[in-house]
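Reminder, nothing fancy here: chain letters follow the sequence lines and each chain counts from 1. All of these numbers come straight from a predicted model, not from anything done at the bench.
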Amino acid sequence: MIDTIKKDFNHFLYNSLNDPQRSAVLHKEKAQQIIAGAGSGKTRVITSRIAHLVINENINPRSIVALTFTNKAAGEMKERLIHTFQSHYKLPFIGTFHSYCLLLLRTNATLLASPNFSILDADDQEDLIKSIMKKYALAKHVTASQIVYQISQYKNKSFVNDKSIKADLQFAPLMKDVYLEYESEKARSHALDFDDLILQILQLLTTNEAFKLSFQKKIRHILVDEYQDTSHVQHSLLRAMALEPASTKDSAPNKLAIDSLCAVGDEDQSIYSWRGATVANMLKFQQDFAPVTIVKIEQNYRSAQPILEAANQVIANNRLRNPKNLWSTRSAKNRILHLYSTSGDHEAKAISTLIKCAPKKKRSDIAILYRTHFQSRSIEESLIHHAIPYKIVGGIRFYERKEIKDLLAYLRLVINPYDKISLLRIINTPSRGLGAKFEEQLLIAWNRNPLFDFIQLLTWMTTDPDGGVTGNKKIAVQDFLKLYTGLEQNQHPSKTLDFIVNEIAYLSYLNDNYDPREAQDKVENVQEFMQAVIVFEQKHANSLLDKTNTVEINTNVLEAFLHEVALLQEKIEEDSPTERIHMMTLHAAKGLEFDTVIMSGLEEGLLPSSKSLNTNEALEEERRLMYVGMTRAKEHLILSSAQSRVTFGQFSDQVISRFVSEIPKGLMQTIDLDEVPIAQAIKFFEQWIGGTSSASFQPSQLPGHMTAPTANPYSAHSASAPSKTVRPATSRPTVPSKPSVSKASSSVPWIKNQTVHHEKFGTGIIVEVQRADDSDFYITALFSAGKKKVLSRFLEKKSF
DNA sequence: CCCTTACGTGTTTTT
DNA sequence: CACGTAAGGG
């Protein structure tokens, strides 16, 4: 059997991979960097390399680690390897940086100050910061989430080898206090945030030589996916994992301590800089792990040629990149369609209509992508209306729902009785008469007894004369404590959860506190959650016997569940048999591919996001997002924009994304659904997506629109480019593709969030635009002096 | 202490 | 619009 697997794999290796791919798989020297364009088969290369090491080189899978950025990417790689290995080989560890560090923390719990730690998600972090802000009266100008973000930025960027984490705080004075308080509260609660998971392991590797040596004795091969998305800290972590102890210092020559190191990346797909990722790590990798063999893979197997060509043209507008030549032999025609609708709802309807024109077997391989989660809602409604099954990937995450987090908090306290965040969350949920006043008392008591766990603390509060809790409150607290003393630690978290839900009458709490529809939803979520715990329990029990299990950790099942859930956004679910459309953000789509990709909301302010209009760096990242989205498509790419959209409950006019106008007109057909009768559009959809797949939209079918398309005065491309697009004479506003060309600024429409300059008011940001007359607009803009409404002729656009 | 109502305020992207 | 926070009455 193993011989068959080996034969099959080698047949694949020598017949199905191209030369650069194969050389990357077979590479024997120590460090290697693979520069792989979109769709060039980089996941394939990584998984094949792992398979090659295990199957042909007889490397122990346990000595191989593959690090990815998202759980999804990891899942995909695992699946492919399981397929190759047919369960005759063990799987190596494949997972995110965070989950690998968590695993290391758990397997080395004895080295930790508190082995039973909780993991804080963004929500918990915010709660904690809010409570600290109260103390410092820091409310007005910053929000808790901004502080959380800043702290994370600091942790990801500022950590330098060998320096203490807290050594060079660069926060404003008050921020520094908040940060330090945050860190100490976290320590007291025996809790770690996501960034800590990585920093803790980095600390261990750099300060504990025995730990490092035993790590390197065990782990001999490391592979990293999406290197362009690594942060400073993650790069340092890799150095610490892979280099000789002496060479962790910057001055000493670097010597690889492991047998092979392989990183894959593509600078054009760097879309996580907001989370501390830096493309510069691609170069740093070449320096720090020198000598590095560089392999470039530039053949794209995924996309039909016009799609790739269009994506190449778009990304070519980025200045901060090295040009590359991604090519495809999959020639085709008419693969890109631009849908122009009148409103967001209209867009949603158009998308549903289009999907209904696709043959059934194509349905499951359609993805709808958008920039932000909230954009999914109108589309969802329309899909439901048209009875099209869909699946949202990573939306409002299951484990972040209020009702689930409440129950998780109860469970977390079982494992970690120091978890202050969880205690504060549920001490009065459901309400048991322990409100704001009690919370105050609790915090005071906690400060007096910093080392108490919650049982000791609550006991102290109700029994000590200084505790200050009497009467009804005392009874309520005692009842709460009784709940926990009634819990038995066992190997069945589902029973523990069951007990809690019953004991606190959680379902009736939900029914009493939410209106029927909402309550019903929440009750169902709770039931699903309880089911997920059971599923986990069984999986866990099996994996202790199963040899595909990566590492055995002797641990409490509940603890394992909580840790798994902390890093997981999706709920644990069995694959559903129905074919469903996939919906997800552009970020979530990275690394995936679909037959048909529908990108919705391609408008200024959405993509590019209004938050990214101020710097060129941010704008270029938005363009990379556009690029990532486009290159997900294999056969058909639909770009969709709407003329107006409801934002904050108000209609606002939208402008087609500049990225759309960066696509050469000859590669894209446009259908303006305000002009084209729906029956005609449907007829075209059926031919295009359902039939010949290269159908072209015939302008001649359009009575009344026989005239040659009018050049778009706003579009830099359109002046003389031959075009088969159907554009009504009343041309839609588009942004020039090169924003820095401000010569034509008088003809360019004024856009919300544009930065402008006024002689008297200084620099401001546009919040509203109204037409004044043929040549002028009333612009409402936010200056440092406040909101002002001025005529556009007194304003000057500022571009960066 | 809890519930209701009235504002007002603000939406990237993920581990 | 839709959420979360601030203020007031029961």
Side-chain angles (χ1 to χ4, degrees), chain A residues 67-74 95-102 119-126 130 134 139-140 143-146 148-149 152 155-156 192-199 226 229-231 233-234 270-277 344 369-378 393-397 399-400 402 428 430-440 471-473 476 512-513 518 563-570 584-590 601 605-613 618 621-622 624-626 628-629 645-652 753 767:
Chain A
L67 300 175
T68 65
F69 259 81
T70 57
N71 292 309
K72 230 169 297 121
T96 62
F97 272 90
H98 297 268
S99 60
Y100 187 56
C101 288
L102 175 59
I119 299 172
L120 305 185
D121 67 13
D123 232 42
D124 302 322
Q125 286 179 289
E126 248 180 70
K130 272 181 195 159
K134 256 186 221 157
K140 286 289 179 302
T143 64
S145 69
Q146 283 170 329
V148 170
Y149 176 76
S152 176
K155 287 188 175 184
N156 274 290
L192 299 176
D193 64 26
F194 286 138
D195 300 320
D196 292 334
L197 297 176
I198 292 174
L199 286 171
E226 312 277 18
D229 284 332
T230 50
S231 71
V233 165
Q234 284 158 336
S270 156
I271 54 174
Y272 285 102
S273 72
W274 49 273
R275 160 184 131 172
L369 310 182
Y370 34 79
R371 177 67 232 266
T372 61
H373 287 298
F374 83 93
Q375 296 175 58
S376 70
R377 263 183 73 169
S378 57
V393 180
I396 312 126
R397 295 173 200 153
Y399 293 108
E400 285 178 9
K402 236 185 274 159
N428 201 32
S431 48
R432 44 173 77 88
L434 302 174
K437 187 82 184 187
F438 179 78
E439 189 177 313
E440 235 171 78
N472 285 340
K473 276 192 202 166
D512 294 346
N513 286 276
E518 221 179 332
H563 281 168
E564 169 142 337
V565 147
L567 295 180
L568 211 67
Q569 67 263 42
E570 316 265 338
M584 68 194 87
T585 63
L586 289 164
H587 283 87
K590 190 160 78 155
L606 288 175
L607 184 70
S609 155
S610 57
K611 308 238 158 145
S612 303
L613 296 174
E621 181 145 317
E622 298 291 306
R624 289 195 291 271
L625 267 176
M626 176 81 182
V628 166
R645 202 173 277 281
V646 181
T647 356
F648 295 136
Q650 275 191 321
F651 269 100
S652 70
N753 293 309
V767 291

Worksheet item: Roughly how far, to the nearest 0.5 Å, is the OH atom of A:Y100 from the CG atom of A:L67?
Response: 7.5 Å
Worksheet item: Under the 3.5 angstrom rule, does the side chain of A:H98 hit a backbone N or O of A:L197 as a donor-acceptor pair?
Response: no
Fill in: Exercise: identify the closest heavy-atom pair between A:G433 and A:N428
N-OD1, 3.4 Å
Worksheet entry | Distance below 4.0 Å between A:N428 side-chain N/O and B:dC2 OP1 or OP2 | yes
Practice prompt. For A:F97, report the nucleic acid contact type (base, sugar-phosphate, nothing); a contact means any heavy atom under 4.0 Å.
Written response: nothing
Worksheet item: Under a 4.5 Å cut-off applied to non-hydrogen side-chain atoms, are A:E622 and A:L613 in contact?
Response: no
Worksheet item: On a whole-Å scale, what distance lies between the C1' atoms belonging to C:dC3 and B:dT14?
Response: 22 Å
Worksheet, complete the sentence: A:L120 CG to B:dT14 C1', in whole Å, measures 16 Å
Worksheet item: Separation of A:Y399 atom OH from B:dT15 atom C1', in whole Å?
Response: 16 Å
Worksheet item: For the pair made of CG in A:D229 and P in B:dT13, what is the distance, rounded to whole Å?
Response: 16 Å
Item to complete: Step through the shown structure and confirm whether more than 12 heavy atoms of other residues, nucleotides or ligands are within 6.0 Å of CG on A:N472.
Response: no
Item to complete: Using the test ring pair (Phe, Tyr, Trp, His ring centres under 6.0 Å), find all partners of A:F69 that sit at least two apart in sequence or belong to another chain.
Response: A:F97
Item to complete: Among B:dT13, B:dT11, B:dT15, find the nucleotide with the atom closest to the side chain of A:T372.
Response: B:dT13
Practice prompt. Sticking with atom P, work out how far C:dG4 lies from B:dT13, rounded to a whole angstrom.
Written response: 16 Å
Worksheet item: Between B:dT14, B:dT11, B:dT13, which one does the side chain of A:R275 approach most closely?
Response: B:dT14
Fill in: 5' priority, DNA chain B, between A:A566 and A:K437 [closest heavy atom]
A:K437
Fill in: Separation of B:dT15 P from A:D195 CG (nearest whole Å)
13 Å
Practice prompt. With the side chain of A:Y272 defined as its heavy atoms from C-beta on, choose the nearest nucleotide among B:dT14, B:dT15, B:dC2.
Written response: B:dT14
Worksheet entry | Euclidean distance, atom CG of residue A:L586 to atom C1' of B:dT14 [Å, nearest integer] | 14 Å
Worksheet, complete the sentence: Taken to the nearest whole Å, CD1/A:I271 to P/B:dT14 is 9 Å
Practice prompt. Please report, rounded to the nearest Å, how far the P atom of B:dT14 is from the CD atom of A:Q234.
Written response: 16 Å
Worksheet item: If you check the A:F648 side chain, which of B:dG10, B:dC1, B:dT13 turns out closest?
Response: B:dG10
Worksheet item: From the list B:dT14, B:dT15, B:dC1, which nucleotide is the closest neighbour of the side chain of A:K473?
Response: B:dC1
Discussion item. Looking at B:dT15, I'd like to know if its phosphate oxygens (OP1 or OP2) sit under 4.0 Å from a side-chain N or O belonging to A:H587.
Written reply: no
Item to complete: Kindly write out the residues that satisfy side-chain hydrogen bond (donor to acceptor under 3.5 Å, both in side chains) with A:R624, not counting sequence neighbours, or none if the list is empty.
Response: A:E621
Worksheet item: So does A:S99 get a side-chain nitrogen or oxygen closer than 4.0 Å to the phosphate oxygens (OP1/OP2) of B:dT15?
Response: no
Worksheet item: Using centres under 5.5 Å plus planes under 30 degrees as the test, is A:W274 stacked with B:dT13?
Response: yes
Would you tabulate the pairs of protein nitrogen or oxygen atoms and nucleotide nitrogen or oxygen atoms of nucleotides 3-7 of chain C closer than 3.5 angstrom?
unit_1: C:dT5; atom_1: OP1; unit_2: A:K130; atom_2: NZ; d: 3.3

Worksheet, complete the sentence: Checking B:dC2, B:dT14, B:dT11 against the side chain of A:S431 (C-beta onward), the nearest is B:dC2
Fill in: A:L434 CG to B:dC2 C1', straight-line distance once rounded to whole Å
13 Å
Practice prompt. Please tell me if the side chains of A:R275 and A:F194 come closer than 4.5 Å, counting only heavy atoms from C-beta onward.
Written response: no
